[in-house]
Amino acid sequence: MERLGAAFYNNDTLTVAQQLLGCELVHETPEGLTAGIIVETEGYVTGDPACHAYRRQTTRNAAMFGPAGTLYVYQIYNHYNCINVVTSPEGVGEAVLIRALEPTEGIDLMADRRNEAFKTGFERYRNNTVDPGTKKGFRNLCNGPGKLTIALGISRQRDNNSSLITGTIYIRGPVQTDFDMVTTTRIGLTQGVDLPYRYYINGNPFVSKK
DNA sequence: AAATTGATGGGCT
DNA sequence: GCCCATCAATTTC
């Protein structure tokens with residue numbers, strides 16, 4: 001499958017959020033290629049109080065106002081990074097949060113990165129490990145927004161504001177199309193809690209939360 | 001099985 | 001100073 005181009009991202013944000021399900025997120029690095037099928041997304045739009053661009057443009061959210069196909073990486077809870085696909089024309093701050101992946105390529109590299117993150121993370125997690133050889137460990141590689149950025153080796157400093165159209169992080173067209181989509185409310189918010197902007201592949205075991 | 005909580009730092013008001 | 005688009009252990013039913 002080929003890398004998606006500007007036309008895919010330059011569309012209604014909630015439409016893109018739904019169309020991303022079944023597509024494959026890829027990161028090419030010197031250590032190897034890691035990739036996974038997008039199984040869960042959330043849309044953040046203009047007028048939505050939970051959207052980071054709700055108030056005004058700042059240094060943190062500047063990438064959200066970039067052209068469609070820009071990557072927005074932000075730090076959350078002092079520790080984790082989350083990634084968004086920027087949609088809508090330049091100057092409009094809307095994006096799609098990628099919340100979970102079904103790993104397809106570079107499984108061992110993903111596990112290495114997750115295990116390295118445990119070693120250098122919170123004291124209480126230093127002895128944690130993830131074993132991709134077990135069903136549970138495999139599921140645990142990318143089933144959350146903070147986990148998948150670790151597994152794919154995505155860095156806020158290096159990758160925020162990069163281009164999905166020309167960069168080393170990109171998205172391939174749909175590799176999975178035969179599924180039912182569930183539409184529901186978003187996770188972890190205190191604002192806009194009732195907006196049904198979360199989408200996931202029904203029955204997929206890699207979705208972060210039912 | 002579900003709810004609670006500790007870790008912990010940058011960005012905004 | 002206050003607010004989090006999380007993760008995983010712990011506590012509680």
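These figures come from a predicted structure and were not determined experimentally. First the proteins, then the strands, lettered A, B, ... as listed; each starts at 1.
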**Item:** Partner of A:I154 under side-chain contact (heavy atoms from CB on, under 4.5 Å), chosen from A:T29, A:T34, A:N160, A:V73
**Value:** A:V73
**Complete:** Here the distance between atom P of B:dC12 and atom CZ of A:R55, to the nearest Å, is 11 Å
**Item:** Evaluation steps, side chain to side chain donor-acceptor pair (under 3.5 Å), between A:S208 and A:E40
**Value:** CA-CA 8 Å; A:S208 68; A:E40 179 182 357; 2.9 Å; yes
**Asked** Touch check for A:F118, heavy atoms < 4.0 angstrom, all strands: base, sugar-phosphate only, or nothing?
**Response** sugar-phosphate
**Asked** For A:N78 and C:dA5, what is the distance between atoms CG and P respectively, to the nearest whole Å?
**Response** 12 Å
**Asked** Are A:N140 and C:dC7 close enough that a side-chain N or O sits under 4.0 Å from OP1 or OP2?
**Response** no
**Prompt:** Under 3.5 Å, is there an N or O donor on one side and an acceptor on the other linking the side chain of A:Y77 and the base of C:dC7?
**Reply:** no
**Asked** To the nearest Å, how far apart are A:Q75 CD and B:dG10 P?
**Response** 6 Å
**Request:** Assign A:S208 to base, sugar-phosphate, or nothing according to its heavy-atom contacts below 4.0 angstrom with the strands shown.
**Result:** nothing
**Prompt:** Donor-acceptor pair under 3.5 Å: do we get one between A:R124's side chain and the base of B:dG6?
**Reply:** yes
**Message:** Assigning hydrophobic clusters by single linkage (Ile, Leu, Val, Met, Phe, Trp, Tyr; side-chain heavy-atom cutoff under 4.5 Å), is A:I98 placed with A:V26?
**Reply:** no
**Item:** Flag, side chain of A:R114 to backbone of A:T129, donor-acceptor distance under 3.5 Å
**Value:** no
**Asked** Toward the 5' end of DNA chain C, which comes first, A:Q191 or A:Y125, by nearest nucleotide?
**Response** A:Q191
**Request:** For B:dT8, give its Watson-Crick or G-U wobble partner with both distances under 3.5 Å, or none.
**Result:** none
**Asked** Which whole-number value in Å describes the distance from A:M64 CE to C:dA5 C1'?
**Response** 10 Å
**Request:** Provide, to the nearest angstrom, the distance between the CZ atom belonging to A:F122 and the P atom belonging to C:dT6.
**Result:** 13 Å
**Request:** Report yes if at least one side-chain N or O of A:H52 is closer than 4.0 Å to OP1 or OP2 of C:dA5; otherwise report no.
**Result:** yes
**Message:** What's the gap between C:dT10 and B:dT8 when it is taken at their P atoms, as a whole Å value?
**Reply:** 15 Å
**Request:** Take atom NZ of A:K209 and atom P of C:dT6, then tell me their distance rounded to the nearest Å.
**Result:** 10 Å
**Asked** Would A:Y54 and A:V96 show up in the same hydrophobic cluster when neighbours are defined by side-chain heavy atoms closer than 4.5 Å?
**Response** no
**Message:** Does A:R60 reach a base, just sugar-phosphate, or nothing at all? Heavy atoms under 4.0 Å.
**Reply:** sugar-phosphate
**Prompt:** Could you state the interatomic distance from CZ (A:R99) to SG (A:C82), rounded to the nearest 0.5 Å?
**Reply:** 7.5 Å
**Item:** Most 5' of A:I187 and A:N128 on DNA chain C, judged by nearest nucleotide
**Value:** A:I187
**Message:** Considering every strand and a 4.0 Å limit on heavy-atom distances, what is the contact class for A:L97: base, sugar-phosphate, or nothing?
**Reply:** base
**Request:** Rounded to the nearest angstrom, tell me the gap between atom NE2 in A:H79 and atom P in B:dG6.
**Result:** 17 Å
**Asked** Is A:V92 close to A:F65 at the side-chain level, that is, under 4.5 Å between some pair of heavy atoms?
**Response** no
**Length of the NZ-C1' vector between A:K147 and C:dA5, whole Å** = 15 Å
**Prompt:** Is there a donor and acceptor pair, one atom on the side chain of A:N84 and one on the base of C:dA5, closer than 3.5 Å?
**Reply:** yes
**Item:** Which residue lies more 5' along DNA chain B, comparing A:R156 with A:E123 via nearest heavy atoms
**Value:** A:E123
**Message:** Given the structure, check if the side chain of A:Y74 and the base of B:dG10 hold any donor-acceptor pair shorter than 3.5 Å.
**Reply:** no
**Request:** For A:R114, answer base if it contacts any base atom (sugar-phosphate contacts may also be present), sugar-phosphate if it contacts only those atoms, and nothing otherwise; contact means non-hydrogen atoms under 4.0 Å.
**Result:** sugar-phosphate
**Prompt:** For A:Y44 and C:dA5, are the ring centres under 5.5 Å apart with planes inclined under 30°?
**Reply:** yes
**Request:** Could you check whether A:R126 gets within reach of a base, just the sugar-phosphate, or nothing at all, counting any heavy atom under 4.0 Å?
**Result:** nothing
**Prompt:** At under 4.0 Å, does any side-chain N or O of A:T190 touch on OP1 or OP2 of C:dC4?
**Reply:** yes
